[in-house]
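Each remark here refers to the structure printed beneath this line.
Predicted model, so just to flag it, every value in this text is computed and none were measured. Values reported hereafter were calculated over all heavy atoms of this structure, with side chains retained and with hydrogens, waters and symmetry mates removed.
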Amino acid sequence: MKGVFLDYASLDKNDLDFKELKSYFDAFDLYSSTAPEQVLARIQDVEVVISNKVVLNAEHIQQAKHLKLILISATGTNNVDLVQAKQQGVVVCNCQGYGTSAVAQHTIALMLALATSLCKYEQAVKQGEWNKSPIFCLLDFPIIELAGKTLGIIGYGELGKAVAKLAKAFDMKVLIGALPNRPHDDERVPLQELLPQVDFLTLHCPLTTETENLIGEAQLLAMKNSAFLINCARGGIVNESALANALRQGLIAGAATDVLTVEPPKQGNVLLADDIPNLIITPHSAWGSVDARQRIVSQMTENLKAFKQGNVIRQVN
């Protein structure tokens with residue numbers, strides 16, 4: 001069996017073990033990245049293609065005459081033409097739930113950084129402000145405790161539940177928001193009722209037509225001016241211009257995001273302006289612990305093994 005990994009550098013930083021995965025192939029090529037014009041040549045003679053973000057469109061799949069299995073080294077499937085793959089009898093499997101602990105941890109880390117003004121204090125020390133202090137400490141920036149604060153969670157799947165568990169360990173009150181056009185009950189609070197109550201709002205829902213620009217000007221206005229917004233989901237769920245304006249105007253106290261609408265932001269982004277106060281941006285790294293990335297390799301190995309045994313798992317088409 002021949003296989004190819006089209007963009008392993010998006011997953012591996014020379015810290016992962018591919019030994020078991022490789023053992024299932026007679027020949028296995030790893031490419032750090034693959035440009036669109038290189039795809040056909042690299043998949044033409046293989047039975048298994050692994051891709052993280054490289055697009056495999058209908059033409060690619062049609063012309064890959066030996067192709068039997070596509071392994072996506074991520075959860076999202078938008079880079080593969082699932083319809084064409086199904087028509088052609090090509091099985092597509094993804095990876096699932098690998099980053100729950102990492103993303104939940106990152107979410108809480110961002111909450112703590114905002115609550116303690118961590119970045120501001122770290123910068124102040126580097127700039128020598130502590131050296132100048134007339135007392136033993138520096139308390140120039142606000143510090144709040146998570147205990148007793150209300151956390152609103154939008155998207156209560158595996159990730160949302162993991163964040164809720166950690167938040168409760170900090171003695172926070174947790175409210176679950178109902179997504180638009182979804183039923184609300186005693187457990188899930190309509191968004192318009194949730195927003196004025198929360199001290200922190202964290203997003204863990206997928207980006208869909210329902211959730212695109214879910215948090216915009218009206219929603220940010222509905223929040224307390226002491227509240228914080230955390231986005232470790234997808235960039236398009238928050239209207240970035242509205243968030244930039246809300247932070248400049250002090251409509252909310254701060255925000256942190258691990259995601260932007262276009263990644264990487266090669267053409268810039270409104271949130272990268274240097275005049276936006278109390279905004280933390282991390283580079284879509286929440287998922288990227290070595291443990292989570294090795295879990296992806298393990299799941300791909302499981303997917304491949306199950307496929308060879310005729311018992312497909314994690315199939316998405």
Side-chain angles (χ1 to χ4, degrees), residues 1-13 16 18 20-99 206-209 212 233-236 259-264 266 284 287-288 292-317:
M1 179 177 280
K2 292 182 179 179
V4 61
F5 197 156
L6 296 176
D7 53 348
Y8 80 89
S10 61
L11 179 68
D12 182 29
K13 300 301 175 187
L16 300 182
F18 286 92
E20 187 179 1
L21 179 63
K22 289 179 178 178
S23 71
Y24 285 93
F25 295 101
D26 299 305
F28 186 52
D29 293 321
L30 290 96
Y31 296 100
S32 59
S33 62
T34 298
E37 63 273 13
Q38 297 174 311
V39 173
L40 279 176
R42 291 181 176 179
I43 72 172
Q44 206 159 29
D45 297 320
V46 303
E47 293 142 292
V48 181
V49 173
I50 301 176
S51 173
N52 189 332
K53 295 293 183 286
V54 173
V55 172
L56 297 168
N57 61 31
E59 181 188 0
H60 296 145
I61 296 169
Q62 285 171 351
Q63 295 194 34
K65 301 301 181 183
H66 302 282
L67 186 59
K68 296 177 181 178
L69 175 66
I70 296 172
L71 297 176
I72 302 174
S73 60
T75 301
T77 62
N78 58 300
N79 62 317
V80 176
D81 191 317
L82 298 179
V83 174
Q84 179 62 38
K86 187 172 185 177
Q87 288 176 353
Q88 205 167 307
V90 176
V91 173
V92 183
C93 301
N94 71 347
C95 299
Q96 302 166 11
Y98 53 84
L207 177 61
T208 65
T209 53
E212 187 172 9
R234 288 292 182 268
V259 288
L260 297 175
T261 49
V262 178
E263 299 170 340
K266 292 182 179 179
H284 205 139
W287 68 281
R293 290 182 287 112
Q294 187 63 55
R295 211 168 285 129
I296 290 173
V297 178
S298 297
Q299 288 191 14
M300 289 195 297
T301 305
E302 293 168 0
N303 292 347
L304 178 58
K305 181 179 179 180
F307 173 80
K308 292 189 73 172
Q309 294 174 343
N311 183 28
V312 177
I313 58 174
R314 303 189 185 97
Q315 185 172 359
V316 294
N317 69 332

Exercise. How far does CD1 of Ile70 sit from CD1 of Ile50, to the nearest 0.5 angstrom?
Worked result: 11.5 Å

Exercise. Between CD of Glu20 and OG1 of Thr301, what distance do you get to the nearest 0.5 Å?
Worked result: 5.0 Å

For this session: Write out all pairs satisfying side-chain hydrogen bond (donor to acceptor under 3.5 Å, both in side chains) with one or both partners inside residues 2-11, taking only residues at least two apart or from two chains.
Result: Ser10-Asn52

Exercise. Do Gln38 side-chain atoms and Ala35 backbone N/O form a donor-acceptor pair below 3.5 Å?
Worked result: yes

Exercise. Just by modelled atom types, is the Pro206 backbone N or O under 3.5 Å from a matching donor or acceptor in the Arg234 side chain?
Worked result: no

Exercise. Does NZ or CZ of Arg42 fall inside the cone over Tyr31's six-membered ring, less than 6.0 Å from its centre and within 45° of the axis?
Worked result: yes

Problem set entry | Distance in Å, Asp29 CG paired with Thr34 OG1, rounded so as to fall on 0.5 Å steps | 10.0 Å

For this session: Identify, with sequence neighbours excluded, every residue that meets ring-ring contact (aromatic ring centres under 6.0 Å, His included) alongside Phe25.
Result: Phe28

Seminar exercise, completed: So CD of Gln96 and OG1 of Thr75: to nearest 0.5 Å the spacing works out to 6.5 Å

When the side chains of residues 304-317 are checked against the rest of the protein, which donor-acceptor pairs come out under 3.5 Å, sequence neighbours left out?
unit_1 : atom_1 : unit_2 : atom_2 : d
Arg314 : NE     : Gln299 : OE1    : 3.4
Arg314 : NH1    : Gln299 : O      : 3.4
Arg314 : NH1    : Glu302 : OE1    : 3.1
Arg314 : NH1    : Asn303 : OD1    : 2.8
Arg314 : NH2    : Glu302 : OE1    : 2.8
Gln315 : NE2    : Asn317 : O      : 3.2
Gln315 : NE2    : Asn317 : OD1    : 3.2
Asn317 : OD1    : Val92  : N      : 3.1
Asn317 : ND2    : Val90  : O      : 2.7

Exercise. Closest approach of Ser51 and Asn79, non-hydrogen atoms and distance?
Worked result: OG-ND2, 3.3 Å

Problem set entry | Side chain proximity check, Asp12 to Phe18, heavy atoms < 4.5 angstrom | yes

Exercise. Nearest 0.5 Å, what's the CD-NZ distance between Gln84 and Lys86?
Worked result: 13.0 Å

Problem set entry | Identified side-chain contact (heavy atoms from CB on, under 4.5 Å) counterpart of Asp81 within the set Ile61, Leu56, Val55 | Ile61

Exercise. Just checking, any donor-acceptor pair under 3.5 angstrom between side chains of His284 and Glu263?
Worked result: yes

